[in-house]
Structures are given as structure tokens and as C-alpha cells.
Amino acid sequence: FFFVADNCRMLGRHFRGIASTSLRRGYATVSDTIEGRKMFQQYLQTSLPTEGRCTDVLVSSLEAENVEWMFGIPGEENLDLLDSLAKSHRRQGGAKMKLVVTRHEQAAGFMAATVGRLTGHPAACLSTLGPGATNFSTALAYGFLGGFPMICITGQKPIRHSKQGAFQILDVVGHFSEITKMTKSVDDPDLISPAVRNAILTSREEKPGPVHLEIAEDIAALPVHKEAGWIFPCPTRSPIGRGRRPLVEPKAIDHAVALIHSAKRPLICIAAGANRKRTQNAMKVLMQKTGLMAVCTQMGKGVVSEDNPGYIGCTALSDNDLVHVAIKNADLIINVGHDISEKPPFIMEHNKPPLVIHLNFTRPNVDPVYFPHLVMVGDISEAVWQLAARIRAQSHWNFGPFQLVKDRSVQMLWNSPYATSDAWPMTVQRLVADVRKVMPADGIVSLDNGMYKIWFARQYKTLQPNTLLLDNALATMGAGLPCAMAAKLVFPERVSLAVCGDGGFMMNSQEIETALRLKQHIVCIVLNNKSYGMIAWKAHSMGMDDFGLEYGNPDFALYARSYGAIGHNVTAPGEFETILRKAIEEPGVHIIDLPITYESSDAALHDELPKEVATLQEAVGKMIAEHDAALAAMADDLRD
């Protein structure tokens, strides 16, 4: 009885305390309650009424989702959409979503993907059915492998009453199924608004990528019924903004910290998924606080400023570069933002170092060369902040080998005689060095695909995220100029420079006219060697000839002037830097014809690099052995 009574009195005091606290909180948070009700209404009232035909609601929905750009070439099957866009452009205050007509659908797709890459939010691209739609294929694959959000909208023949047989009709939805995250034919105008909401959600969801909506000509013209005339709620119209990503499980953080502390030579490897501004700040703090050092993949360049003392180098080559000496001698790698769409920065072997911690927004795609031991799935920057708060520098860590690799890389790449050579045609190493001298820290360099991409990845000091746009996933040609144009639309106040091989430039050179029509100030360097240089390099490494790899070129400066652009011919190495500075300073579309040679590249990569790697590996191996012996001696002394 006494036991029960005592417990009742204790419970009574407990509940009175809860009630008292609740009352005090109630009186103290009246203003909070008012603010809470405001927020409640803000969330509740995020659906917007709309009306009109299917394409009117499509445009309204895209604008409500803050899609700012639509690139492409319309056709007769999307004339209703064009008319809806025209109404939006005539509206007081102007259009929220601007239409940019390009000269080829592929370029439109590259531009939409680049906007997504730079902003994290999709832009749209537009084409007609059949041949117009299939021209998007390469750009969609570019966005799909690269992880760039974009929304592709294509037309189609009427699906309810068509009298044209199979003329121009392809299964575009089926065709795009392997290169998009979602592809759908909208067969009911009342479903257009939820289709847009789902498309945007899918495109932005990790891993980001392209989505596709097909709208038939007859569906596009039909009215949306009044009860279906709603633009669905989206985060951009709510207090939370664009939403938040889930966090890494605390237990995984615990294990990661313990493993990193116990390692002797832990190393950070930064890949494409980490190339976002918030991650750069967190990574900087982690490296400064702990002394950890980092390498990056080609698409991870810029996450850590290459002026950071802890930055070692980029895995521009698949293997056997100086930076791989650091990777092969790490016993633990924190692999941040990597997925297997990008060339692997290292090859794993079963039950052998390094131990690999995978940190990304998504789980790893396991394959024979990548099977991480600890998986951390969640917001990358938040996880890096947590690691920075908990990791402590350890006395047994040995970063001497990594510093040795860094020092030798600086000497071989940035202080190389090739980077100041007066050879003509110009060496690719001097090209990279001169571009870095002229470009501001926040200037954006957009690369096409070719041999020069390896040298920009190895040698170009990237100081900010997404200021060197290269593709190491699909690695397509033809993207350099359209990407530079899109970068200039997103950041009009920044310098935008395209670097293209002559082969890749000619694939989308017609977009010079688009840039002129947009009144853009961009610069494009065309590397003129009249051959497919990267394929020639590969052929040489296999002991083959240059057969089938050479072609002729126009005078690119005259070609530019025929459009009304400003053309420049470089005739000696000393002219290039002066011409580039002038082009960056003077408004207009500038095309620079630069004769280039890759002979110095062959010499550096085939003849010199293998010897340097072998010498460096020997020195690093000796350094590790000496450090391990010293640790063993200390342990023996402690036992004694």
C-alpha cells in the first residue's frame, strides 16, 4: 500500500510538472503560435488555380516551378506550346520562363543540362517529334550519366484522330527510356500539371538527371477542365524553399570516425556528386582542422581550391599518374560523391587496402572494381561538417608520402618547361598555363572533349566549384560551345570561355549565331590540329598509325566573321595571351583559331611520366617503411 501510494505521489508530481511546463510554454509562445499559423497557411495555400488549354497549364506549371529557361527548336506538333509561350512573353512584366531558339536540338539539350548542372534546378528543352526528338539523344545521355537535372518536352502526331499514318512517328518514349530517369506521354490534358510536378521532383532527386514529357498535337490543344485546373504544391512556393535532403545515419558517422582515426594514411577523394558550393566550405574546414589531404576526379575539380595546401592532384588519367602513387599508398579512402558513371579514380581489390568509405547522396553501384566497405548515404555537406566536428588529428598519421606526391606534381605540371615553351604550333601545356593566367578565379571554362581535357584536368588550377566544366561520364564531343553559352546565361557577370578541339567545335559551331542573337560576350578557343587528337594518342600508345583520323579545316577566324562574330588568328605563342585578354575585355562573340600540337603531350605521358611514377613510388615506399619502423620502435619502448 505504502509502495503504491509513494509511486502515485511521484507520478502526480511528474504530471503536474509536465502540465505546469506546458502552461508556461503556452503563455510564452503565443507569438510563436501566430507565426506557426502563418506558416501553416503558407503551406496549405501552395496550390495555384490555373486555366486554359493543356499547353497554357504546362507553361504556367513550369513557371511556378521556377524553370527559367527553355531551349530548342519548335515544330508544327508543338505550335500550341509556342503560342502559350508567346502569351507568357507578352504578359506585363515579361515571361518568367524565357525561350531560346537554337540551331540544333543537341545544342539545346546541352544548354539545358548545363543550367541544371550549375543551378541544381532543371531547365527545359523543346523539340518536335521524330527527327527533332531523336536529336536530343546525346544531350539526354550527357545529362543522365553526368547527373544534370533537365526536362525535355517533345511533340507527337495526334493520338486520337491522326490521318497521316506512320509519317515521322517513332516510339520516342521507348527510345528515351534508357537515357532518362522518367519518360511519359501525357494523354489527358487534365494530367499535365501533376506530370510536371512529378517530372521536376524526379529530375532533382538524387542522382539528378533528365526527364521527358511527350505531348501529342491534339492533346496540346485541348482545354483543361476547371476542376483539374490547379498547379500542384511545390517547395519553391513554401517556406522551406527547395526542400532538404536526409542526413547520414549517426551510427555510420561513428564508424567512419573510428576507422579514419585508426588508419595510418587516410585520404579524401572528391568526385562529381560533391561539386556544390556548400560542400566546398565544409571540406575546407575538415582539411584545415585535421590535416587530411585530398585528390579529386575530373568532375570533382573545384570542390577543394587547388591553392589549398592539402590538395594533391586530379585523377585525370585512369592509372599510373603521379597522383595514383598517393592513392595506391593510402590505407583508407573517404570517397566523396563518386558513382561509377565517371571513370573510377582507383581500382579496388578484395581484402586488400585501401579500406573505402563511400559518402554520397545515393548508395553505391557495386561492380568488380568498386565495392566500398562502409556506406554513408545522405547529404554530403552535412556529413562532412559532422566529420569535421568529430575527427581529431592523430599522431600516427603519416601524410609525408602525400606531400611528396604533391611537391613532385607541382614541379612536373605547373613548373614544366612545356608550360612556357615557345614551340609552334603551341604546346597544350602552355595553352593551359596561359588560360589560367588570364582567367579570373570565378571565370567558367567549358571544355569540349579531346586530348586537351586531360591536360586541363591535370594542370589547370581550379579555385571554385563548377568553374571547369568538363564531362568525364559520357565524354561527348560538341558540348563545349553550348555549355559556355548556358553558363553565360546563368552567370552573365562572369567570364565564360569555351575550349574546343576543331572536331568538336564543328559539331555545334552553328550556335555562334545563337550567341550573337542573345548578345552574349563569350570567348571560344578552337584548337586547330586537323585531327582527332585523343584517338591518335590512344593509337600511338597501342603502336598503331593515325589512319582515318585526319581532316581539313576552314580558317576559323574567317568562319566566325561570316556570322558577324569577331575572329582572331594566333600566329605565334607569344600572341595568344594578349589576344585572349583582349577577347575577354571586349564585348562580343570571339572565336580564336589556335594551332596546337600534342607532341609534347606524347613525350610527357609516354616517355617521361612512367619513369617519374616509378621513381616517386620508390621514394614513397621508403618513406612509409621508415615511418612504420619508427612507430614499431615507439610501441616496443612503451611495452618495455
Please answer whether the main-chain N or O of [Y] pairs with a side-chain N or O of [X] as donor and acceptor at a distance below 3.5 Å.
{"X": "D448", "Y": "G480", "answer": "yes"}
{"X": "H338", "Y": "C269", "answer": "no"}
{"X": "D471", "Y": "G146", "answer": "no"}
{"X": "T297", "Y": "P345", "answer": "no"}
{"X": "N466", "Y": "N275", "answer": "yes"}

Side chains of [X] and [Y]: donor-acceptor distance under 3.5 Å anywhere?
{"X": "S137", "Y": "H175", "result": "yes"}
{"X": "D339", "Y": "S341", "result": "yes"}
{"X": "S88", "Y": "E63", "result": "yes"}
{"X": "H358", "Y": "Y370", "result": "yes"}
{"X": "T362", "Y": "E206", "result": "no"}
{"X": "T279", "Y": "S381", "result": "no"}
{"X": "T467", "Y": "K301", "result": "no"}

Trace of the side chain to side chain contact (heavy atoms under 4.5 Å, CB included) decision for V285 with N281: CA-CA 6 Å; V285 171; N281 298 333; 5.9 Å; no

Test side chain to side chain contact (heavy atoms under 4.5 Å, CB included) applied to T55 and I192, step by step: CA-CA 8 Å; T55 54; I192 188 63; over 6 Å; no

Would you check if [X] and [Y] make a side-chain contact, meaning some heavy-atom pair closer than 4.5 Å?
{"X": "T514", "Y": "Q520", "result": "no"}
{"X": "F505", "Y": "Y559", "result": "yes"}
{"X": "V445", "Y": "L469", "result": "no"}
{"X": "R204", "Y": "H121", "result": "yes"}
{"X": "N135", "Y": "H104", "result": "yes"}
{"X": "L126", "Y": "P74", "result": "yes"}
{"X": "L170", "Y": "T134", "result": "yes"}
{"X": "V211", "Y": "T180", "result": "no"}

At their closest point, which heavy atom of [X] faces which heavy atom of [Y], and how far apart are they?
{"X": "A487", "Y": "S496", "result": "CB-OG, 4.0 Å"}
{"X": "V248", "Y": "M376", "result": "CG1-CB, 3.8 Å"}
{"X": "Q298", "Y": "K453", "result": "OE1-CE, 3.3 Å"}
{"X": "T476", "Y": "T138", "result": "OG1-CG2, 3.4 Å"}
{"X": "M150", "Y": "C125", "result": "CE-SG, 3.9 Å"}
{"X": "T183", "Y": "S177", "result": "CG2-CA, 3.9 Å"}

Flag if over 12 foreign heavy atoms under 6.0 Å of CZ, R103: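 Open.
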
Heavy atoms of other groups near K284 NZ, more than 12 under 6.0 Å: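 12 or below, so no.
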
Derivation and outcome, side chain to side chain donor-acceptor pair (under 3.5 Å), residues S127 and E105: CA-CA 7 Å; S127 84; E105 290 88 355; 5.5 Å; no

[atom1] of [X] to [atom2] of [Y]: how many Å apart, nearest 0.5 Å?
{"X": "H225", "Y": "D190", "atom1": "NE2", "atom2": "CG", "answer": "5.5 Å"}
{"X": "M70", "Y": "M97", "atom1": "CE", "atom2": "CE", "answer": "4.0 Å"}
{"X": "R494", "Y": "D442", "atom1": "CZ", "atom2": "CG", "answer": "4.5 Å"}
{"X": "M485", "Y": "C524", "atom1": "CE", "atom2": "SG", "answer": "10.5 Å"}
{"X": "E382", "Y": "L247", "atom1": "CD", "atom2": "CG", "answer": "6.0 Å"}
{"X": "T114", "Y": "I444", "atom1": "OG1", "atom2": "CD1", "answer": "10.0 Å"}

Worked verdict on F136 versus H212 for ring-ring contact (aromatic ring centres under 6.0 Å, His included): CA-CA 11 Å; F136 274 139; H212 168 238; 8.7 Å; no

Stepwise side chain to side chain contact (heavy atoms under 4.5 Å, CB included) check, K38 with F40: CA-CA 5 Å; K38 282 184 184 177; F40 186 95; over 6 Å; no

Audit row: E214, K184, salt bridge (Lys or Arg N to Asp or Glu O under 4.0 Å) steps and yes/no: CA-CA 6 Å; E214 178 185 79; K184 176 182 177 62; over 6 Å; no

F110: which of F71, F148, Y142 passes ring pair (Phe, Tyr, Trp, His ring centres under 6.0 Å):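 Exactly one option meets the ring pair (Phe, Tyr, Trp, His ring centres under 6.0 Å) with F110, and it is Y142.
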
Residues that N508 engages under side-chain hydrogen bond (donor to acceptor under 3.5 Å, both in side chains), provided they are two or more places apart: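 If we apply the side-chain hydrogen bond (donor to acceptor under 3.5 Å, both in side chains) test to N508, skipping adjacent residues, the hits are Q106, Q510.
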
D83 with R53: basic N within carboxylate O range, under 4.0 Å: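 Looking at D83 and R53, the cut-off is met.
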
Carboxylate-amine/guanidinium contact E68 K96, below 4.0 Å: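 The answer is no: the pair does not qualify as a salt bridge.
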
Check against side chain to side chain contact (heavy atoms under 4.5 Å, CB included), M439 and Y460: CA-CA 11 Å; M439 285 293 285; Y460 186 80; 3.6 Å; yes

